[in-house]
Amino acid sequence: MTGGETPLSRARHAAMAELRATPQAVSWRRQALWLVQAQVGLALAGMAVALVAGLARPSELFFHAVTVGPLLVVAVLGAIAALAPRVGRVGSSWRIGALGAAAAAMVAVTLARGAGSPSDSPEWVCSVSHLGVGLVPLAFALAGLRQSAPSWGRALAAGLGAGTTGALLGELVCHRGMQHVLVYHLGAWLLLAVSCAVISRRLRRRSFAP
Amino acid sequence: MERFCRGDEAAFEMLYERHAPAVFGFLQRMMREPALAEDVLQTTFLSVVRARGRYEPDSTVRAWIFAIAANAGRDALRRRKARREDASPATAAREPVADTPEPPDPAASRAVQDALMQLPVDQREAVVMHKLHDLSFAEIATALGITIGAAKVRAHRGYTRLRELLAPLGESI
């Protein structure tokens, strides 16, 4: 504490120093765009690698359109729900939308798979891959979540959005059946979402904005 | 606010002059611990600067800043509770509120402050914002992220409980 300064002037000096350090504000919409780009960009890069490596065929992209569409919606809604300011009940509407879209996408991903075909690799490889490719979007999501007050709904939506990267890759690369998707893909996706919520709660906030 | 978002220091000075004293008063009444209230005041305005890109013109600037103060205050209270789980709350509750002019009747004022501290945090927030800082129920709803009806209910429950707690004094608030 500086002698002679009042609490009000101390807080003013600290805030002014922060303002001088970051004169330009970044809008939450731009941050949400970055988050979507990280999630979808990484999934597209992974898909490109899978196509080049011969792990998937281009025709499969069209076959999986019915599940890729909802997953992209979850990626976008999850990013918006994670970062949108809470103004009245608007913020919670985004969160409910994101959680609802994620539930619908999970049902679509599971039901669209059918009986599937067997594979030589162990089933847990899909879970590990899902979690692995989700780490970068998760880091972006957590960085975004530090900009606002803690909220379980917000963090869960962010985690579900981050999990879409692995889900998109899984759609292209994995050909196993419904039961495998339910346990090893959705399980990893939910684990990522819950991890995001738990880690976010423990993070030191940069801001307590609504 | 637009000028402040572009980094205009004079605009921030104006905003600070207008809102900081009220926010500090709110935090002092929420915390009853001057050092903690001061920390949270600083956190609040650092948050205001860092998160100015999140401000939406749908809400008033006052409600937005009170929302940040309430969030930061709740977080600080939660952390303090975690730190002092075994400590007596009476020690903190009896510390004086800094930078507040001496009230006409210090004993009554102390009784009101003590009664306020016995309210649940959500009711205390609503009562202090409404009664002591003249925020409208629409602004309180925005600040606390609830509906206007819920803000009224919280304040009403808080007032009812305060009356019960202060009844022995024989005065209405």
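Below, read A as the first sequence line, B as the second, and so on, with proteins coming before strands; counting in each chain starts at 1.
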> With a 4.5 angstrom heavy-atom cut-off, which part of E139(B) approaches chain A: side chain, backbone, both or neither?
Replying inline: neither
> What part of D8(B) gets closer than 4.5 Å to chain A, counting heavy atoms only: side chain, backbone, both or neither?
Replying inline: backbone
Counting only heavy atoms not in [X] (residues, nucleotides, ligands), do more than 12 fall under 6.0 Å from its [atom1]?
X       : atom1 : answer
Q179(A) : CD    : no
H175(A) : NE2   : yes
F140(A) : CZ    : no

> Who pairs with V128(A) by side-chain contact (heavy atoms from CB on, under 4.5 Å), at least two apart in sequence or on another chain?
Replying inline: W124(A)
> Among all residues two or more places apart in sequence or in another chain, which pass the side-chain contact (heavy atoms from CB on, under 4.5 Å) test with Q42(B)?
Replying inline: A11(A), A14(A), L46(B)
Quick one: does any side-chain atom of [X] pair with a main-chain N or O of [Y] as donor and acceptor, under 3.5 Å?
X      : Y       : answer
Y16(B) : L8(A)   : yes
R54(B) : V26(A)  : no
R86(A) : A143(B) : yes

> Highest number of heavy-atom pairs under 4.5 Å with chain A: which of L144(B), I65(B), T44(B)?
Replying inline: L144(B)
> chain A: which of T43(B), V23(B), D39(B), L41(B) shares the most heavy-atom pairs with it under 4.5 Å?
Replying inline: L41(B)
>> I'd like to check W28(A) versus E56(B) (side-chain heavy atoms, cut-off strictly below 4.5 Å). Are they in contact?
In response: yes
> Do P85(A) and Y55(B) have side-chain heavy atoms sitting under 4.5 Å apart?
Replying inline: no
>> If you count heavy-atom pairs within less than 4.5 Å of chain B, which of S27(A), P23(A), S148(A), P150(A) leads?
In response: P23(A)
> Closest heavy-atom contact between A15(A) and V49(B)?
Replying inline: O-CG2, 3.6 Å
> Among E13(B), R50(B), R52(B), whose side chain to side chain contact (heavy atoms under 4.5 Å, CB included) with L19(A) holds?
Replying inline: R52(B)
> With a 4.5 angstrom heavy-atom cut-off, which part of R30(A) approaches chain B: side chain, backbone, both or neither?
Replying inline: neither
>> Going by side-chain hydrogen bond (donor to acceptor under 3.5 Å, both in side chains), name the residues that satisfy it together with R78(B), two or more places apart in sequence or in a different chain.
In response: D75(B)
> How about residues 201-210 of chain A versus chain B: which residues have heavy atoms under 4.5 Å apart?
Replying inline: L203(A), R206(A), S207(A), F208(A), A209(A), P210(A)
> When rounded to the nearest 0.5 angstrom, what is the spacing between CD in Q24(A) and CZ in R6(B)?
Replying inline: 9.0 Å
>> What's the separation between atom CZ in R20(A) and atom CZ in F12(B), rounded to the nearest 0.5 Å?
In response: 10.0 Å
